[in-house]
Amino acid sequence: MSVRVRIAPSPTGMLHVGNARSAVFNWLFARHHGGTFIVRVDDTDIARSDEQYVTQMMEAMRWLGLDWDEGVGVGGPHGTYRQSERFDRYREVAEQLIADGAAYRCFCTPEELDDRRQAAQAAGRPPGYDGACRTLGSEQVNTRISAGESFLVRLAIPRPGVTEFFDLVRDDMRFDHDVIDDFVILRSDGTPTYHLASTVDDVDYEITHVARGEDLLSSTPRHILLTQAMGAEPVIYAHLPLLFGPDGKKLSKRHGDTSMDAYMKAGYLPEAMFNYMSLLGWSYDPEVTIYSPEQAIEKFDLADVSKNPAVFDTKKLEWMSGEYMRELAPHDFVARSLPFIEVNRKLSDDERRRFEVIAPLIQERVKVLPEVVEMSEWLFVDDVSFDEASWDKVMKPEAGPVLDDAIIRLEGLTEWSTEAIEGVMRQMLEDLELNPRKGFQPLRVAVTGSMISPPLFESMEVLGQPATVARLRRALARFV
RNA sequence: GGCCCCGUCGUCCAGCGGCCUAGGACGCCGGCCUUUCACGCCGGUAACGCCAGUUCGAAUCUGGUCGGGGCUACCA
């Protein structure tokens with residue numbers, strides 16, 4: 001039997017990092033087994049779902065390097081892969097289950113339910129549905145339907161009973177039916193709940209393995225019972241450890257960015273993001289941290305996934321992004337940087353050429369793409385803006401003569417190359433009896449505006465002689 | 001409250017009865033390199049939650065305890 005797995009995000013927001021991690025694991029599992037990876041949209045909640053999120057989620061997954069064989073955006077033998085277009089099918093299943101006696105109509109109103117739930121809790125009994133409508137005879141049911149009473153459909157959990165299953169990451173699981181109430185599968189408005197829609201899809205799409213967050217672990221017996229009621233064979237489950245924030249609580253908005261979108265915009269390299277995420281709950285090799293998707297595919301197994309929750313810590317992601325950054329081919333680095341540099345203004349051909357020259361020196365200094373902008377800004381402006389902290393630190397009294405002297409020497413240079421500039425500047429150091437720090441830092445700030453910049457002489461060369469001298473003059477003028 | 005899951009350095013992982021005076025990576029600290037910042041290199045810091053039990057021997061098995069988390073909707 002060929003492996004068929006899916007990721008089923010609900011388009012009520014951007015792709016959450018937790019879902020992205022599930023997607024990575026499912027993808028890895030599918031690719032390892034030469035199986036099929038499916039992307040389905042769980043949009044039963046029509047009110048909160050939005051088409052733009054579907055587009056953004058697909059974008060985020062492609063950005064991560066994931067591709068899928070069936071599903072939204074690519075099609076396949078199972079229709080649109082959107083639950084919103086399968087409501088008839090879910091209703092059909094619900095009706096069949098009623099006919100089979102596996103499910104029943106419930107006429108209890110929300111108010112009644114609420115009252116009884118509170119009463120039960122007050123009395124120390126489980127708050128779940130009490131099964132009041134489970135024993136209704138067919139005549140009663142029919143009369144109430146004809147009377148126009150609204151109803152919903154609940155699954156009749158076999159009682160007494162126990163559901164046992166094997167979880168690929170948690171091993172043997174066992175739930176007594178006492179703790180599972182007759183949950184709703186079809187709402188009074190005829191729409192399916194998550195449990196129904198998701199389970200029916202898994203059955204219809206012939207899913208073989210479901211790897212999802214541990215938050216669904218306690219719902220699993222419901223899904224198994226539903227599957228069995230449909231006369232189908234349950235999938236094999238793997239419940240992945242949850243992702244936490246730095247405070248050890250479930251990852252949520254207040255921990256900062258929880259959507260993939262934010263990390264794309266923050267300029268992390270997708271290769272790093274993929275690599276990092278694959279490390280959350282799994283490891284490629286005790287001694288190896290950086291590896292390619294192909295290598296991961298080769299070794300990945302859901303059975304090796306760790307049971308404990310993982311803290312999503314961007315420190316390591318940042319480091320990793322820097323690692324991948326330095327591995328980029330120079331032209332690739334330029335290509336990836338440009339969108340960030342050109343957000344406000346397109347570069348001229350000349351500016352672009354200069355950027356390409358200095359790019360390799362910037363490449364080895366940044367971890368995320370927006371840093372490229374900071375570090376190259378001085379190249380694209382007429383007048384650099386000075387970073388005040390940098391200015392104050394290096395523009396000490398002895399900086400005046402340095403600027404003054406540098407202007408004269410650089411102006412007199414007939415060959416404008418890094419080597420020539422460095423030669424004449426080092427000579428200046430000797431003549432002025434200054435160390436590099438004292439002698440060069442003022443020049444750096446004068447030329448790039450900041451103490452943090454690419455190497456000085458290369459920067460001067462790319463900038464050109466007139467501009468370099470002009471900047472030194474401007475700094476000197478500001479200095480006095 | 002009930003049910004369920006989890007518990008190794010600050011963080012992510014390795015460890016599946018002796019190879020562990022617990023290994024790697026990030027972070028952090030110190031040093032080297034150096035025109036800044038990075039990179040790179042060298043060194044260091046730091047953990048088996050606790051208590052019993054099983055065993056010749058436990059981070060590894062069992063029980064308890066404490067701690068953290070999840071679920072408990074006509075939300076997904």
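By convention in this document, chain letters (A, B, ...) are assigned in the order of the sequence lines, proteins followed by strands, and residues within each chain are numbered from 1. Scope of the values below: all heavy atoms of this structure, side chains included, with no hydrogens, waters or symmetry mates. Every value quoted in this text rests on a predicted model; they were computed, and no experiment measured them.
Between the CZ atom of A:Phe165 and the P atom of B:C3 there is a distance of 17 Å, given to the nearest Å. Straight-line distance from the CG atom of A:Leu361 to the P atom of B:C37: 16 Å, rounded to whole Å. The distance between atom CG of A:Asp45 and atom P of B:C74, rounded to the nearest whole Å, is 14 Å. Put simply, NZ on A:Lys299 is 12 Å from P on B:A14, counting in whole angstrom units. Separating the CG atom of A:Leu328 from the P atom of B:A38 is a distance of 21 Å, rounded to the nearest angstrom. The distance between atom CG of A:Asn308 and atom P of B:A47, rounded to the nearest whole Å, is 19 Å. Atom CG in A:Asp215 sits roughly 9 Å away from atom P in B:G70 (whole-Å rounding). Here B:G2 presents its C1' atom at 15 Å from CZ of A:Arg117, a figure rounded to the nearest Å.
Side-chain N/O atoms of A:Arg326 and base N/O atoms of B:C39 include no donor-acceptor pair closer than 3.5 Å. Taking 3.5 Å as the limit, the base of B:C6 and the side chain of A:Lys307 contain no donor-acceptor pair of atoms between them. The base of B:C74 sits with one of its N or O atoms less than 3.5 Å from a complementary donor or acceptor on the side chain of A:Ser188. No hydrogens or angles were tested; on distance alone, a donor-acceptor pair under 3.5 Å links the side chain of A:Arg365 to the base of B:U36.
To the nearest whole angstrom, the two C1' atoms, one in B:C50 and one in B:G44, are 30 Å apart. Straight-line distance between the C1' atoms of B:U34 and B:C48: roughly 42 Å, to the nearest whole Å. B:G67 and B:U8 have their C1' atoms separated by 15 Å, with the value rounded to a whole Å. Here, B:U45 and B:C6 have their C1' atoms 28 Å apart, quoted to the whole Å. Comparing the P positions of B:A52 and B:U60 gives an interatomic distance of 14 Å, to the nearest angstrom. The separation of B:A76 from B:C12, taken at their C1' atoms, amounts to 28 Å, rounded to a whole angstrom. Here the separation of B:C9 from B:G70, taken at their C1' atoms, is 26 Å to the nearest Å. When the P atom is used for both B:C56 and B:G24, the distance is 33 Å, rounded to whole Å.
Residue A:Ser453 is classed as a base contact, given a heavy-atom separation below 4.0 Å to a base. When heavy atoms are screened at a 4.0 angstrom cut-off, A:Phe457 is found touching base atoms of the nucleic acid.
The aromatic rings of A:Tyr263 and A:Tyr268 lie tilted to each other, with the angle between the two planes from 30° to 60°. Taking the six-membered ring where the residue is Trp, A:Phe312 and A:Tyr276 present perpendicular rings, their angle passing 60° and hence far from 30°.
Contact check on A:Asp304 versus A:Lys299 returns no salt bridge, with no Lys/Arg side-chain nitrogen under 4.0 Å from an Asp/Glu carboxylate oxygen. Ionic pairing of A:Lys393 and A:Asp387 is not present here: no N-O contact between side-chain nitrogen and carboxylate oxygen is shorter than 4.0 angstrom.
The 5' end of RNA chain B is approached more closely, in terms of each residue's nearest nucleotide, by A:Arg170 than by the other of A:Tyr276 and A:Arg170. Nearest-nucleotide assignment on RNA chain B puts the 5′-proximal partner with A:Trp319, out of A:Gln83 and A:Trp319.
Nucleotide B:C33 forms no Watson-Crick or G-U wobble pair with any nucleotide shown, as no partner meets the under 3.5 Å limit on both distances. In this entry B:C3 has B:G70 as its Watson-Crick or G-U wobble partner, both defining distances falling under 3.5 Å. Taking a pair to require two hydrogen-bonding distances under 3.5 Å in either a Watson-Crick or a G-U wobble arrangement, B:U65 pairs with B:G49. Nucleotide B:U54 forms a pair with no other nucleotide shown, judged by Watson-Crick or G-U wobble geometry with both contacts under 3.5 Å. Look at B:G10: its Watson-Crick or wobble partner, with both distances under 3.5 angstrom, is B:C26.
Judged by the 6.0 Å and 45° rule, A:Arg6 forms no cation-pi pair with A:Tyr205.
Look at A:Arg48 and you won't find any side-chain N or O under 4.0 angstrom from OP1 or OP2 of B:A76. OP1 or OP2 of B:A76 sits under 4.0 Å from a side-chain N or O of A:Thr44.
In this structure the side chain of A:Met395 reaches within 4.5 angstrom of the side chain of A:Val445, judged on heavy atoms.
For the residue pair A:Leu443 and A:Ala406, the shortest heavy atom distance occurs at CD2-CB, 3.7 Å.
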